[in-house]
Each structure stands twice: as structure tokens, then as C-alpha cells.
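One structure below.
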Amino acid sequence: MASTAHPNGPSTSGRWGLIAGNGSFPFLVLEGARSQGIEMAVIAIREEASPDLARVAPHLHWVSLGELSRAIELLHQEGVKRAVMAGQVKHNKIFSAIRPDWKLAKLLLMLPAKNTDALIGAVARVLEDEGIELVDSTAFLAPLLPAAGVLTRRAPDESEAADIAYGRNVAQQIAGLDLGQTVVVRDRACVAVEAMEGTDETIERAARLAGGQRIVVVKVSKPHQDMRFDVPVVGLRTIEVMQRANATALAVDAGRTLLFDRERLLAAADGAGIAIEAFAAAEAGTAAAQGKTKK
């Protein structure tokens, strides 16, 4: 079945494809695409993707993490010309737990750096060489990308705003090195920096180090964030982790951070007394201290 292109996407004919990792991201993309009359062919990563995809994806194929050749073969079989990557693949699995096929092994040998951006960027180039365009993963999820402003009933207080200002400056430097995108701050001191463990585990580690004292979480996009993959995400579980960790404020990048189950997420933050504010990605960290108009 030929699909209708996304209004802001390319006009090339052919089916859309979804390369699915873990979490709810793939389900949201499928739902968003379906609302536009697009039924996607799904290539699900066996080690990561939810078995529940079988209930919602009529054109579903499973591949192991290292089977790049098989994934491309299946995309061609389904007539896919445009594809979206959605759902995390744990960083430690990418470089230590996979058995690559010949195509992926060759690609790994040619990587300039052993990080996720380098690998997925190389995969994107391979797909393009195969006539498959990798499209912005947020193409069907615009309502989940917040505009700049305070998103919760409560704005960050003066102390939290100072920590956010400091944290955004640090996080932007770390993200620029492609080490992680989240930092946790207390009294303008960095308590924890994200590496391969992910946002939630970074917050939990920071809580242990802070000994129960109030902390602030700052999550940013990379300076040249490629929205085709590895888009910053915040979900309900992060709010639950923050509440247990006594993390009282969260800063994210506007337009570059997906808020999964947005209404429930913000309601949970309000119930926990957590302030959430979105900042324009190009702003300096000091913008936090200047105040924003509530959205």
C-alpha cells in the first residue's frame, strides 16, 4: 500500500518503515502515522522492542541487533522508501552485546568513534545508499514537543533557577562531547553526569550522592541534535524517579524533547510539586535565571 507523505516530509512514493527499539516511542509513532492514514512496516529489534508490537503492527518483522543486512532486506521486501527510528537501544548493548553480520561488522570497523551518534549516523548513510531515507523521528509527534516556557503549575524557584542556569551550561558542554545529555545539580555543583546508563539511573545515582537533599535535573539536546535518532525523551517513569530522589525541578530543551504521555506526565509532576520548564535550545544557560512566561 502506498502511503501519503507527511506534510513536511519528502514526496517520494512508497511505504513508510519503522525501526523499533524499546519503550513507548514506537507505539506513539505508529499511532501518529495511523492518524495520518499511514500504515508502517515495522522492523523490531528483538533484544529491545516490546512483544506487544505484534498486537498493533500488521506488518511486523523481528531482527536481532546485529542483523543490519536482514533489516535492509526486509525494508526492501516491504517497499519502504522512508523510515523512522524510534525507541532506545541501550548504549552498552550496541558496542558489547551484539554479534554483527558482515555489513555491520564492516561499518563498525570504519567508525571514527565508538559512540551511538557515529554508529546510527553510519547506519543512516547505509540506508540512504540503499534508497531508504531516514526521516526525523518526531515527524508524527509534534504535540509531544513542548514550546518554551513553564509547563507545570509551579515555576522553578530562585534556587532551582540558579541550579538550572548552571546545569544547562554544564549539560551543553557534556552533550557537545556526545557523553550524555543529562546532569543533576545541587547548589550550583554538579552531582552526577549521564554517560551510558540513561537519565533515570543518573538521577538515582545523584540521589544517593546527595544523601536525600534537594536536587535539580537538567536535560538538553546536543548542539547539532540529529532529530532522526536519539531524541531526548522524558516519560512518567522519570517523574516517578525524580519524586523518590527529591528532585524538585526539571529543565528540558523546547522543541527538541519528547514528553511521552504529556498530560499524565505534567499532572504527575504537579502532584509531586515538581517544576518543569522548557528552554529554547539556542539559549544560554543563564536564561533560567531570567524567568519565563508560563505556558
Would you say [X]'s side chain and [Y]'s backbone share a donor-acceptor pair under 3.5 angstrom?
X      : Y      : answer
Ser35  : Gly32  : yes
Asp101 : Ser69  : yes
Glu201 : Gly198 : no
Ser64  : Gly66  : no
Glu194 : Val183 : no
Asp253 : Arg256 : no

Is the shortest side-chain heavy-atom distance between Thr248 and Glu160 below 4.5 Å?
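Yes; the side chains approach each other to less than 4.5 Å.
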Regarding [X] and [Y], does a basic nitrogen lie under 4.0 Å from an acidic carboxylate oxygen?
X      : Y      : result
Glu39  : Arg34  : yes
Arg244 : Glu204 : yes
Glu78  : Arg15  : yes
Glu130 : Arg125 : no
Asp200 : Arg237 : yes

Side chains of [X] and [Y]: is there a donor and an acceptor less than 3.5 Å apart?
X      : Y      : result
Thr182 : Thr202 : no
Asp136 : Thr138 : yes
Thr257 : Lys219 : no

Closest heavy-atom pair and its distance - Met40, Leu30
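Met40 and Leu30 have their closest heavy atoms at CB-CD2, 3.9 Å.
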Arg188 atom CZ: more than 12 heavy-atom contacts under 6.0 Å:
no
